[in-house]
Amino acid sequence: MADEVDALSSGRDRLPRHVAIVMDGNGRWAQQRGLPRTMGHREGAKAVRRVVEACAARGVEALTLFAFSSENWRRPRPEVEILMNLFVRTLRSEIRRLDAANVRMRFIGDSGAFSPTLQDYMAKAEQRTSGNTGLTLVIAANYGGRWDVAQAARQVAEEVAAGRLQPADVTPETFHRYTCLADLPEPDLFIRTGGEQRISNFLLWQLAYTELYFSERLWPDFTADDLDVACSAFASRQRRFGQTSEQVACGAQDDHA
Ligand code: FPP
């Protein structure tokens, strides 16, 4: 794919164009301080602001944050309610600043499960910032990688049933167009904070060739310096997309990509 050829040809020391983050460790951050878990989420929102600013300042094109997974509904009801309130409050308080910073906001996930108030804030944030040309900030909310693949498959099936697509046309490239984030460069760098080394149903389709980076830092402690360390680790890796390291070294491009 064009992104892969671009990533190969432009060398090893490039900034990731698209960073995707699992922001883990809020609960433990709070528990370590004898605070309720929800205080960790509140501190986590401050880390979101720091990392958004840092990505925008460094020229990262897209940042996708896993804010609420389709499995997070299983948490204790008071924690879910506090998270929902935090999303509303954060959107209300940050949207002006994000807009002024030329950030374009997007949401991915099954937003129909959220309260009408939250859905309204999400829609307004997207509308207000839709013309911005700086960092694209994607918030994954009630999102799951399997849900994403299933909703893409459903759309493809509908296209086939309507005769607009032939079964033989369903290739990885066509299928990709129906998945979330299809209009953005594929994630180059995946970061998970909090010490666990799992993908946890995030961007399953999109992470096929993404470099994975795991940080011990709990999300509320994650700083712009930590982001730089992750970006340096990314820059030191050789991305091969199925080729040999010799092919990559001599700049060969994959005809099958
Ligand atoms: C995982 O940590 C974190 C979450 C499920 C929520 C993430 C939400 C925020 C960072 C709040 C603000 C976000 C936005 C976009 C405004 P955990 O609770 O699983 O931590 P633990 O593993 O230590 O228990």
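Numbering of ligands and ligand atoms starts at 1, following listing order.
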Looking at non-hydrogen atoms alone, which of [options] comes nearest to [atom]?
atom	options	answer
atom 11 (C) of ligand 1	Arg89, His41, Glu94, Arg28	His41
atom 6 (C) of ligand 1	Ser200, Ala140, Ala67	Ala67
atom 5 (C) of ligand 1	Val48, Val52, Asn72	Asn72

Name the orientation class of the two ring planes belonging to [X] and [Y] (parallel below 30°, tilted from 30 to 60°, perpendicular beyond 60°).
X	Y	result
Phe68	Phe87	perpendicular
Trp219	Phe222	parallel
Phe114	Trp73	tilted

Please report which non-hydrogen protein atom sits nearest to [atom], along with the residue it belongs to and the distance in Å to one decimal place.
atom	answer
atom 24 (O) of ligand 1	Arg37 NH1, 3.0 Å
atom 1 (C) of ligand 1	Met23 O, 3.2 Å
atom 9 (C) of ligand 1	Asn26 ND2, 3.7 Å

Mark the output for [X] as yes if a heavy-atom distance to ligand 1 is under 4.0 Å, and as no if none is.
X	value
Arg75	yes
Gln31	no
Gly25	yes
Asp24	yes

Using a distance-only test with no angle check, is there a side-chain donor-acceptor pair under 3.5 angstrom linking [X] and [Y]?
X	Y	value
Gln151	Gln155	yes
Asp120	Thr117	no
Arg104	Thr129	no

**Report entry** Per-atom contacts, ligand 1 versus Leu86 - under 4.0 Å to a heavy atom
**Finding:**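 With Leu86 as reference, the close atoms of ligand 1 come out as 11 (C).
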Report task. Within a distance under 4.0 Å of any heavy atom of Thr90, pick out the atoms of ligand 1 and give their elements. Result ->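 Result: 16 (C).
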Requested in this report: For Leu207, check side chain to side chain contact (heavy atoms under 4.5 Å, CB included) against everything at least two apart and list the hits.
Outcome: Pro187, Phe190, Ile199, Leu203, Thr210
Report task. Ignoring angles and geometry beyond distance, decide whether Gly27 reaches within less than 3.5 Å of ligand 1 through its nitrogen or oxygen atoms. Result -> yes
Query raised in the report: Judging by distance only, is a nitrogen or oxygen of Glu79 under 3.5 angstrom from one on ligand 1?
Result: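 No - when backbone and side-chain N and O of Glu79 are compared with those of ligand 1, no distance drops under 3.5 Å.
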Just heavy atoms, cut-off under 4.0 Å: does [X] contact ligand 1 by side chain, backbone, both, or neither?
X	result
Leu91	neither
Leu65	neither
Trp219	side chain

Would a 4.5 Å heavy-atom cut-off, applied to side chains only, mark [X] and [Y] as touching?
X	Y	answer
Arg146	Ser70	no
Met39	Glu43	no
Gln31	Arg37	yes

Query raised in the report: Can you pull the salt bridge (charged side-chain N to carboxylate O under 4.0 Å, His left out) pairs that have at least one residue in residues 21-33, sequence neighbours excluded?
Result: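 Counting only pairs at least two positions apart or across chains, the salt bridge (charged side-chain N to carboxylate O under 4.0 Å, His left out) contacts touching residues 21-33 are Asp24-Arg28, Asp24-Arg192.
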